[in-house]
Amino acid sequence: MQLTIVFLLACCHFFGPALSQKRQYGGYDVNIRQYPFVVAISLGGQTTGSGAIIAPRWILSSASAFLVPYHDSYKVNVGADAVGGGQWYQGQMVYQHPEWEGFQDNIALLKTNRKIKFGPTAQPIKLFESNPDGIDNALMLSYGENEQGTRHLRAATYSLTSGPGCLASLPNNDGDEVIKRNQGYCQNAPDGTKGQWYDDTGAPIVINDSPRLVAIHAFRVDNDTHYNKVSIAMRVSIYKDFIVNTMKY
């Protein structure tokens, strides 16, 4: 009970009244066998984000998926079409980027307390090694609550950009340092038919025609409606040294 109360207080502090809004809007349901690397992250029975299996005991996600500092209390839902199915693994430790502050360096690794059993619905994904300025048709995969009120695994297509148009699209310059420092992308839904919220954080983003993890959804920057035109996604390749060194623990 105490853990759940702490979680709710932290979420209310960071996200306020918008918690009642549902995400991911505008996506479509997919089967975990299509994307067996995707996991849901939970604390006190509440979904705090998604992540990607990158090794038998390692999940890559966003730092903001782990706002509450009970690192060994997080659980990972593996091999599920919807949250609650599949298998659960207990977290052992969360390693947030040491320079994570606000929008910047919003990336983290969670180490499970035992190895994940791999099979048709649970497999690691390789990291994208190059660092392009932009990507069309990037696919975000998330267990965040959707407009049907479910937490089924969902996919939605976005473009990832980083040029002047990206910077101009950020309201109040929110997240602009992430782009200027080459840490992330603008995650665009130009037609305004898609949207995310707090429990989509950490969602893996892949290139449609390549089984490689290119980015991690971090946060949205326009919070006025269910749908949004731009969010921020962290570039995975930029954090290769952090990932490799952390996995030595």
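What you see below is based on every heavy atom in this structure, not just the backbone, and it leaves out hydrogens, waters and symmetry mates.
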A side-chain contact here means heavy atoms from C-beta on lying under 4.5 Å apart; do [X] and [Y] qualify?
{"X": "Ser42", "Y": "Trp88", "answer": "yes"}
{"X": "Ile205", "Y": "Ile135", "answer": "no"}
{"X": "Leu141", "Y": "Ser50", "answer": "no"}
{"X": "Val68", "Y": "Phe66", "answer": "no"}
{"X": "Tyr185", "Y": "Thr161", "answer": "no"}
{"X": "Val214", "Y": "Val236", "answer": "no"}
{"X": "His97", "Y": "Phe242", "answer": "yes"}
{"X": "Pro204", "Y": "Tyr35", "answer": "no"}

Would you check, one step at a time, whether the test side-chain contact (heavy atoms from CB on, under 4.5 Å) holds for Arg114 with Tyr89?
-> CA-CA 7 Å; Arg114 60 190 172 99; Tyr89 290 82; 3.4 Å; yes

Please name the pair of heavy atoms, one in [X] and one in [Y], separated by the smallest distance, quoted to 0.1 Å.
{"X": "Ala63", "Y": "Trp100", "result": "CB-CD2, 3.4 Å"}
{"X": "Gly175", "Y": "Ile232", "result": "O-CD1, 4.2 Å"}
{"X": "Cys186", "Y": "Ile179", "result": "N-CD1, 3.6 Å"}
{"X": "Leu167", "Y": "Lys180", "result": "CD2-CG, 4.2 Å"}
{"X": "His217", "Y": "Ser62", "result": "O-CB, 4.0 Å"}
{"X": "Leu160", "Y": "Ala215", "result": "CD1-CB, 4.3 Å"}

Would you find a donor on one side and an acceptor on the other, under 3.5 Å apart, between the side chain of [X] and the backbone of [Y]?
{"X": "Asn188", "Y": "Tyr158", "answer": "no"}
{"X": "Gln187", "Y": "Val230", "answer": "no"}
{"X": "Thr246", "Y": "Ile243", "answer": "no"}
{"X": "Gln34", "Y": "Asn31", "answer": "yes"}
{"X": "Ser61", "Y": "Ala108", "answer": "no"}
{"X": "Ser162", "Y": "Asp133", "answer": "yes"}
{"X": "Lys111", "Y": "Tyr249", "answer": "yes"}

I'd like to know if the side chain of [X] pairs up with that of [Y] as donor and acceptor (distance under 3.5 Å, no hydrogens or angles considered).
{"X": "Arg57", "Y": "Gln92", "value": "yes"}
{"X": "Asn106", "Y": "Ser64", "value": "yes"}
{"X": "Asp72", "Y": "Gln90", "value": "no"}
{"X": "Asp199", "Y": "Thr47", "value": "no"}
{"X": "Ser159", "Y": "Asp136", "value": "no"}

Pick out which of Ile53, Ile32, Asn77 makes a side-chain contact (heavy atoms from CB on, under 4.5 Å) with Val39.
->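 Between Val39 and the candidates, side-chain contact (heavy atoms from CB on, under 4.5 Å) is satisfied uniquely by Ile53.
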
Is the Trp58 ring parallel, tilted or perpendicular to the Tyr95 ring (thresholds 30°, 60°)?
->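 The rings of Trp58 and Tyr95 sit tilted, inter-plane angle from 30° to 60°.
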
Quick one: sort the Tyr74 and His71 rings into parallel, tilted or perpendicular, breaks at 30° and 60°.
->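 Aromatic pair Tyr74/His71 classed tilted.
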
Worked verdict on Phe37 versus Val206 for side-chain contact (heavy atoms from CB on, under 4.5 Å) = CA-CA 11 Å; Phe37 54 88; Val206 301; 3.8 Å; yes

Pair Leu43-Lys75, side-chain contact (heavy atoms from CB on, under 4.5 Å): steps then yes or no | CA-CA 6 Å; Leu43 177 69; Lys75 292 183 179 181; over 6 Å; no

Check against side-chain contact (heavy atoms from CB on, under 4.5 Å), Leu109 and Ile54 = CA-CA 10 Å; Leu109 286 157; Ile54 59 171; 3.7 Å; yes

[atom1]-[atom2] distance between [X] and [Y], expressed to the nearest 0.5 angstrom:
{"X": "Ser237", "Y": "Arg212", "atom1": "OG", "atom2": "CZ", "value": "13.5 Å"}
{"X": "Ile238", "Y": "Asn182", "atom1": "CD1", "atom2": "CG", "value": "4.5 Å"}
{"X": "Met234", "Y": "Phe103", "atom1": "CE", "atom2": "CZ", "value": "11.0 Å"}

Could you pull out all donor-acceptor pairs under 3.5 Å where a side-chain atom in residues 115-131 meets a protein atom, sequence neighbours excluded?
residue	atom	partner	partner atom	Å
Gln123	NE2	Gly119	O	3.1
Asn131	OD1	Arg235	NH1	2.7

For atom CD of Gln87, decide whether the heavy atoms of other residues, nucleotides or ligands shown that lie under 6.0 angstrom number more than 12.
->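 No, CD of Gln87 has 12 or fewer neighbouring heavy atoms, counting only those of other groups under 6.0 Å.
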
